[in-house]
Amino acid sequence: MKISMIGTGYVGLVSGTCFAETGVSVTCVDIDESKIQKLNKGIIPIYEPGLEPMVIKNKEKGQLFFTTSIAESIKEAEVAFIAVGTPPDEDGSADLQYVLAVASEIGKHLDHYMVIVNKSTVPVGTAQKVKATIQNELQKRNVNYAFDVVSNPEFLKEGNAIEDFLRPDRIVIGVESQEAEKVMRKLYKPFILNNHPIVFMDIASAELTKYAANAMLATRISFMNEIARVCELVGADVNMVRKGIGSDPRIGSKFLYAGAGYGGSCFPKDVKALIRTTREYNYEFQVLKSVDEVNEEQKVILAKKVLAHFNQNVKDKKFAMWGLSFKPNTDDMREAPSLAIIKELKQHGAGIIAYDPVAMDESKRRIGNTIEYAQNPYDALKNVNGLILVTEWNEFRIPDLNKMKELMSEPVIFDGRNIYEPSE
Ligand code: NAD
């Protein structure tokens, strides 16, 4: 079986590589030539645990190919996945220009029956737009090849992406033809051997399922962040409240951590996009609007705590920041709370010296040398007025507190993830 994976980012590269593991011949495509050049040399452009050896192995075995040509990738392919970005437009809606550009390119070169799969997170109705775009290109060429468009949203988590893809909790597939269902069943068969379900449904439901999942998870986080604020008011401990409610199976223990706000490439944009989509149907999604508002406040709450501690005056003070990525085990800094905190403190005249195990290159690419970077966590602490813990990487969990106290000119920690015992 031969497939094309168009868009070789966090989702495309992981999905393509995992399909290659099962014996499928996968051609990954990207518009970014430098990315494809790197991958062809065996250099992995992103940090994702376990990905590098799998890419190299499958490339060497002749199972995994990289190209910039969609035309080349879909030759004789049974399936083409669209896994390009869907960033937020100015009004918060999902920007579909990359998805539709790929659809149009597919339409220009399609020459046999294929299943076109939307793996990107896209609003309800996008499959219809992809279909119309391809159909339009076929008409321009005066040819008529059959094809199906399928919705197959991706639920992998950065940092644990390979495990999530190889052993998914569930696979959601929206289809409208038996032929497409048959092809998708064949492709995903190796991934459901753990008895987790493959759920077939109509396309609109599949498209909405992805947004509903992210909206629910974001809601839990904003809810717990508000519970944490209430805890501070009444003198309770949010970690205790979390344990107290998380053992109730109706609630469950996951995604109940109060912190510095959610970030990353998915939750912020998907919450905003769902609010925006419902508005098109004259519906105001009240709960999600609050979830989004609470998170915007939460992303700068640590900076506000720093300011409050120093009576709103941090001019010429310097702070160490541990963690820049939006969560541990990734170098992804899209919508990372670290960026909001840095911006806020710099506006007040403070300096930042940061350390992150993998995201410092990405930070330099985004904000250049507007902050300093340290070689290791302790280097960052020399003569600073405080430490701001933003990302709970494992290596920050049991630090040498005495050494920290010696290094810092003011030994104060702003713990954005509640990983330290205040008394210690
Ligand atoms: P990404 O930005 O890492 O990768 C997208 C890639 O698509 C980029 O390399 C870009 O160069 C490429 N691209 C853009 N236009 C192209 C074109 N015309 N032809 C070929 N390649 C093109 O994005 P990502 O994080 O992999 O996300 C992709 C989609 O999957 C998004 O819709 C996202 O919401 C969704 N998603 C992401 C995650 C995640 O954890 N990152 C999880 C689930 C779903």
Side-chain angles (χ1 to χ4, degrees), residues 4-18 27-39 44-49 51 66-74 80-89 93-109 116-123 126 130 133 151-165 168-172 206-207 209-215 217-218 262-274 325-327 329-336 362 365-366:
S4 156
M5 183 65 67
I6 306 166
T8 310
Y10 286 89
V11 167
L13 185 56
V14 170
S15 313
T17 307
C18 290
T27 304
C28 289
V29 189
D30 208 285
I31 204 166
D32 180 342
E33 280 179 27
S34 71
K35 200 176 251 190
I36 294 301
Q37 272 171 10
K38 276 189 189 156
L39 284 160
I44 313 300
I46 54 168
Y47 175 81
E48 182 59 47
L51 183 59
F66 299 100
T67 175
T68 52
S69 162
I70 291 180
E72 188 188 311
S73 78
I74 64 170
F81 281 89
I82 305 178
V84 296
T86 44
D89 227 333
S93 61
D95 180 353
L96 293 179
Q97 62 166 310
Y98 307 102
V99 170
L100 297 180
V102 171
S104 151
E105 195 64 15
I106 292 174
K108 283 184 185 133
H109 301 283
I116 318 298
V117 185
N118 269 340
K119 193 164 252 323
S120 300
T121 302
V122 288
T126 304
V130 166
T133 306
S151 165
N152 170 217
E154 181 50 55
F155 299 97
L156 63 77
K157 302 182 285 296
E158 284 174 23
N160 198 50
I162 293 179
E163 180 62 22
D164 287 346
F165 198 91
D169 298 326
R170 80 308 205 181
I171 295 156
V172 169
E207 289 173 331
T209 295
K210 174 66 191 175
Y211 283 99
N214 278 355
L217 294 170
Y262 59 75
S265 67
C266 293
F267 290 2
K269 86 170 166 60
D270 293 349
V271 164
K272 286 187 168 67
L274 186 51
S325 56
F326 85 91
K327 66 174 182 181
N329 296 323
T330 181
D331 59 351
D332 199 340
M333 283 186 65
R334 286 177 279 189
E335 304 267 351
E362 177 60 12
R365 199 181 66 75
R366 284 175 175 270

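Because the structure is a prediction, the values reported are computed rather than measured. Order of listing sets the numbers, starting from 1, for every ligand and every atom in it.
- Near V102, meaning under 4.0 Å from any of its heavy atoms, are these atoms of ligand 1: 17 (C), 18 (N), 19 (N).
- T17 places a side-chain N or O within 3.5 Å of a backbone atom of L13 that can act as its donor or acceptor partner.
- If you look at K210 next to ligand 1, the close heavy atoms, those under 4.0 Å, all belong to the side chain.
- Closest to atom 41 (N) of ligand 1, if we only count protein heavy atoms, is E158 OE2, 2.7 Å.
- The option from N214, N118, L96, V84 that lies nearest to atom 16 (C) of ligand 1, judged by heavy atoms, is V84.
- Put simply, the side chain of E48 gets close to the backbone of A161: a donor and an acceptor are under 3.5 Å apart.
- Looking from atom 42 (C) of ligand 1 to the surrounding protein, the closest heavy atom is L156 O, 3.6 Å.
- Taken from OG1 in T68 to CD in E33, the straight-line distance is 5.5 Å, to the nearest 0.5 Å.
- Residue-level proximity to ligand 1 for D332 is absent, since no heavy atom of it falls below 4.0 angstrom.
- Not one N or O on the side chain of N118 forms a donor-acceptor pair closer than 3.5 Å with the backbone of S120.
- In terms of protein heavy-atom proximity, atom 4 (O) of ligand 1 is closest to G9 CA, 3.2 Å.
- When E154, K269, K157, K119 are ranked by how near their heavy atoms come to atom 33 (C) of ligand 1, first place goes to K269.
- Close N/O approach between D270 and ligand 1 is not found [any backbone or side-chain N/O within under 3.5 Å].
- No donor-acceptor distance shorter than 3.5 angstrom exists from the side chain of T86 to the backbone of D95, with no hydrogens or angles considered.
- Remark: ligand 1 atoms within the under-4.0 Å shell around heavy atoms of C266 are 36 (N), 37 (C), 38 (C), 39 (C), 42 (C).
- Set against the non-hydrogen atoms of G85, the atoms of ligand 1 under 4.0 Å away are 5 (C).
- A heavy-atom distance below 4.5 Å is found between the side chains of L51 and I46.
- For the atom pair N329 CG and N160 CG, the distance stands at 8.0 Å (nearest 0.5 Å).
- In terms of protein heavy-atom proximity, atom 35 (C) of ligand 1 is closest to T121 OG1, 3.4 Å.
- Residue contacts with ligand 1 for R334 involve side-chain atoms from C-beta outward but no N, CA, C or O (heavy atoms, distance under 4.0 Å).
- Taking the side chain as every heavy atom from C-beta outward, P87 and Y98 approach each other to under 4.5 Å.
- Between the side chains of S73 and S4, a donor-acceptor pair is found at a separation under 3.5 Å.
- The closest heavy-atom contact to atom 37 (C) of ligand 1, among the options V11, N160, I6, comes from V11.
- Closest to atom 10 (C) of ligand 1 by heavy atom, among D30, V14, V122, is D30.
- The single protein non-hydrogen atom nearest to atom 32 (O) of ligand 1 is T86 OG1, 2.5 Å, given as residue, atom name and distance.
- Scanning the protein heavy atoms around atom 21 (N) of ligand 1, the nearest turns out to be I31 N, 3.2 Å.
- Looking only at distances, no side-chain donor or acceptor of S93 sits under 3.5 Å from a matching main-chain atom of D89.
- Counting heavy atoms closer than 4.0 Å to ligand 1, residue K35 contributes side-chain atoms (C-beta onward) but none from N, CA, C or O.
- In the vicinity of S265, heavy-atom distances shorter than 4.0 Å reach the ligand 1 atoms 39 (C), 41 (N).
- Within the 4.0 Å heavy-atom criterion, neither part of A94 lies near ligand 1.
- Inter-residue side-chain proximity for I6 and I106 is flagged as met; some heavy-atom pair is nearer than 4.5 Å.
- E158 and R334 are joined by a salt bridge, as a carboxylate oxygen and a charged side-chain nitrogen come within less than 4.0 angstrom of each other.
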